[in-house]
S.K.: 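Below is the structure I would like to discuss, written out as C-alpha cells.
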2 protein chains.
Amino acid sequence: MLSAIELATKLRENGCKVTPQRLAIYDMLSKTTEHPTAETIYNKLKPLYPAMSLATVYKSVEVLEKIDAIQVLNTGEDSFRYDANVAQHFHIKCMHCGRVMDVPCQDLKPLVENLEKKTQFTITGQQVYFYGICPDCQKQH
Amino acid sequence: MLSAIELATKLRENGCKVTPQRLAIYDMLSKTTEHPTAETIYNKLKPLYPAMSLATVYKSVEVLEKIDAIQVLNTGEDSFRYDANVAQHFHIKCMHCGRVMDVPCQDLKPLVENLEKKTQFTITGQQVYFYGICPDCQKQH
DNA sequence: ATATCTGCAAATCGTTTGCATGGAA
DNA sequence: TTCCATGCAAACGATTTGCAGATAT
C-alpha cells in the first residue's frame with residue numbers, strides 16, 4: 001500500500017501524470033478488502049466525483065497495474081477485480097455469496113524456483129485462487 | 001481422460017443426452033495440451049462438423065464442466081480456455097507467445113486442509129497460474 | 001506549450017439467449 | 001412421443017476506442 005505521495009512519485013517515475021481520478025481510485029482500492037470490479041469502483045466514487053466516467057476507471061486501473069501499484073484478479077467471473085495489495089497472497093472465493101477474501105501465504109520462492117528448474121520458464125508472477133463456501137454461508141445451510 | 005463410452009455414460013448418469021457434438025468436443029479437448037478457447041475448438045471442428053455452431057460449443061463445454069469432465073481456465077485473457085485434464089495440476093502461461101502449459105504438482109491436500117482450518121471455508125477447488133517467459137521465447141531474446 | 005488525460009458515446013468482442021427445428025431416449 | 005439439444009441470429013454486457021476539450025507538467 002502506498003501513500004498518496006508515494007503513488008504520485010511512482011506515477012511520475014513512470015511518465016504518467018498524477019490526476020485526482022487516479023489518486024481517488026487507488027485510495028479507494030487501498031482502503032477496501034472486497035476486491036471491487038470497475039463498476040463497483042465507479043459507483044463508490046460517483047458521489048465524490050460525479051463527473052468521473054467508467055472509461056476513466058478502466059483506463060486508470062490499467063495504468064495502476066502497469067506501474068505495479070495494483071493487481072488484477074480473474075476469479076472466473078464475468079468481470080475483473082482489482083486489488084491494491086500487491087504483496088504475495090492467495091485469494092479464496094465463496095461460490096455462494098461471491099465474496100473474495102485474501103489468504104496470507106508462506107513465501108513461494110522455493111516453489112517458484114523449483115518450477116523454474118522443472119519448466120525452464122522464467123517466472124514473473126502467479127495467481128492462486130481457492131473456491132469453496134465461506135463460514136457465513138455454511139451457517140445458513 | 002475418459003473414453004467416448006465413459007463420457008457417454010457420465011452424460012447419461014447426469015441426465016444429459018449423448019450427442020455427436022459433445023463427444024467431438026470432448027474428444028478434441030482430450031487430445032490436445034493447448035487449452036483451446038471456444039473459438040479454437042469451433043475452428044478445429046468446423047471441417048469435421050461444418051454445421052456446428054459456436055453457440056453449441058459454448059453450451060457443450062458448459063455441460064461438460066457441470067459433469068466434471070473438463071475444467072475451465074481463466075488465465076487473465078479475454079476468453080476462457082478449456083482443459084479435459086481435471087486431475088490436480090497447475091498452469092503456466094508464457095506472456096510472450098501466449099501458450100499455456102500444464103505443470104504437474106504435488107498433492108495439495110495438506111495445504112488445502114491447512115487453509116480450511118485457517119479460513120473456516122469448505123474448499124472445493126483451486127486454480128493455480130504461473131506467468132513468465134517460456135524457454136523458446138527466451139532463446140529469441 | 002504540449003503531451004497526456006478525461007469524459008462521452010460508439011464500437012468491439014466474447015459469451016448468452018430465444019426460438020424453431022432436429023434428434024436422442 | 002417427449003424432452004432435450006442444435007443452429008441461427010439477435011441480444012447482452014464487460015471492456016475498449018476515438019475524439020474533442022481539459023489538465024498536469
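Lettering follows sequence order; numbering is per chain, from 1. All values reported here derive from a predicted model rather than from experimental measurement.
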S.K.: Tell me: CG of A:Asn14 to P of C:dC5, nearest whole Å?
M.R.: 11 Å
S.K.: Report the C-alpha separation of B:Gln126 and A:Val128 in whole Å, then their side-chain angles, then the decisive distance to 0.1 Å, and conclude whether the side-chain contact (heavy atoms from CB on, under 4.5 Å) test is met.
M.R.: CA-CA 7 Å; B:Gln126 71 282 318; A:Val128 180; 5.8 Å; no
S.K.: Closest nucleotide of DNA chain D for B:Ser53 versus for A:Glu39: which of these residues is on the 5' side?
M.R.: B:Ser53
S.K.: Rounding to an integer number of Å, can you tell me how far A:Tyr42 OH sits from C:dT6 C1'?
M.R.: 13 Å
S.K.: Would you mind reading off the distance between A:Asn74 atom CG and C:dG14 atom P, rounded to a whole angstrom?
M.R.: 16 Å
S.K.: Which is more 5' along DNA chain C, the nucleotide nearest B:Thr19 or the one nearest B:Asp78? Just name the residue.
M.R.: B:Asp78
S.K.: What's the shortest heavy-atom distance between A:Phe121 and B:Pro135, and which atoms?
M.R.: CD1-CD, 3.8 Å
S.K.: Hey, which sits more toward the 5' end of DNA chain D by its nearest nucleotide, A:Phe80 or A:Cys16?
M.R.: A:Phe80
S.K.: Between the base of C:dG7 and the side chain of A:Lys46, is one N or O donor paired with an acceptor at under 3.5 angstrom?
M.R.: no
S.K.: Given C:dA24, is OP1 or OP2 found less than 4.0 Å from the side-chain N or O atoms of B:Arg12?
M.R.: no
S.K.: Using atom CD of B:Glu77 as one end and atom C1' of C:dC13 as the other, report the distance to the nearest whole Å.
M.R.: 15 Å
S.K.: Report the C-alpha separation of A:Glu113 and A:Lys109 in whole Å, then their side-chain angles, then the decisive distance to 0.1 Å, and conclude whether the salt bridge (Lys or Arg N to Asp or Glu O under 4.0 Å) test is met.
M.R.: CA-CA 6 Å; A:Glu113 282 173 358; A:Lys109 205 182 278 179; 5.6 Å; no
S.K.: Separation of A:Glu62 atom CD from D:dA14 atom P, in whole Å?
M.R.: 18 Å
S.K.: To the nearest Å, how far apart are B:Arg22 CZ and D:dT6 C1'?
M.R.: 9 Å
S.K.: Taking only N and O in the side chain of B:Tyr58, is any of them less than 4.0 Å away from OP1 or OP2 of C:dT15?
M.R.: yes
S.K.: At under 4.0 Å between heavy atoms, what does B:Ala51 touch on the DNA or RNA strands: base, sugar-phosphate, or nothing?
M.R.: sugar-phosphate
S.K.: Examine C:dG7: is either OP1 or OP2 under 4.0 Å from a nitrogen or oxygen in the side chain of A:Thr56? Give yes or no.
M.R.: yes
S.K.: For the pair made of NZ in B:Lys59 and P in C:dG18, what is the distance, rounded to whole Å?
M.R.: 10 Å
S.K.: Just to be sure I understand the rule, does B:Val18 reach a base, reach only the sugar-phosphate, or reach nothing, if contact means heavy atoms closer than 4.0 Å?
M.R.: sugar-phosphate
S.K.: Check whether the side chains of A:Glu39 and A:Thr37 place a donor and an acceptor atom closer than 3.5 Å, and report yes or no.
M.R.: no
S.K.: Take B:Asp102 and B:Asp83, measure what side-chain contact (heavy atoms from CB on, under 4.5 Å) needs, and give me the verdict at the end.
M.R.: CA-CA 10 Å; B:Asp102 292 312; B:Asp83 187 348; 3.7 Å; yes
S.K.: Using a cut-off of strictly less than 4.0 Å, decide whether A:Gln21 has a side-chain nitrogen or oxygen near OP1 or OP2 of C:dG7.
M.R.: yes
S.K.: So which one's nearest nucleotide on DNA chain C is more toward 5', A:Lys17 or B:Ala38?
M.R.: A:Lys17
S.K.: Can you tell me how far P of C:dA25 sits from CD of B:Glu13, to the nearest Å?
M.R.: 14 Å
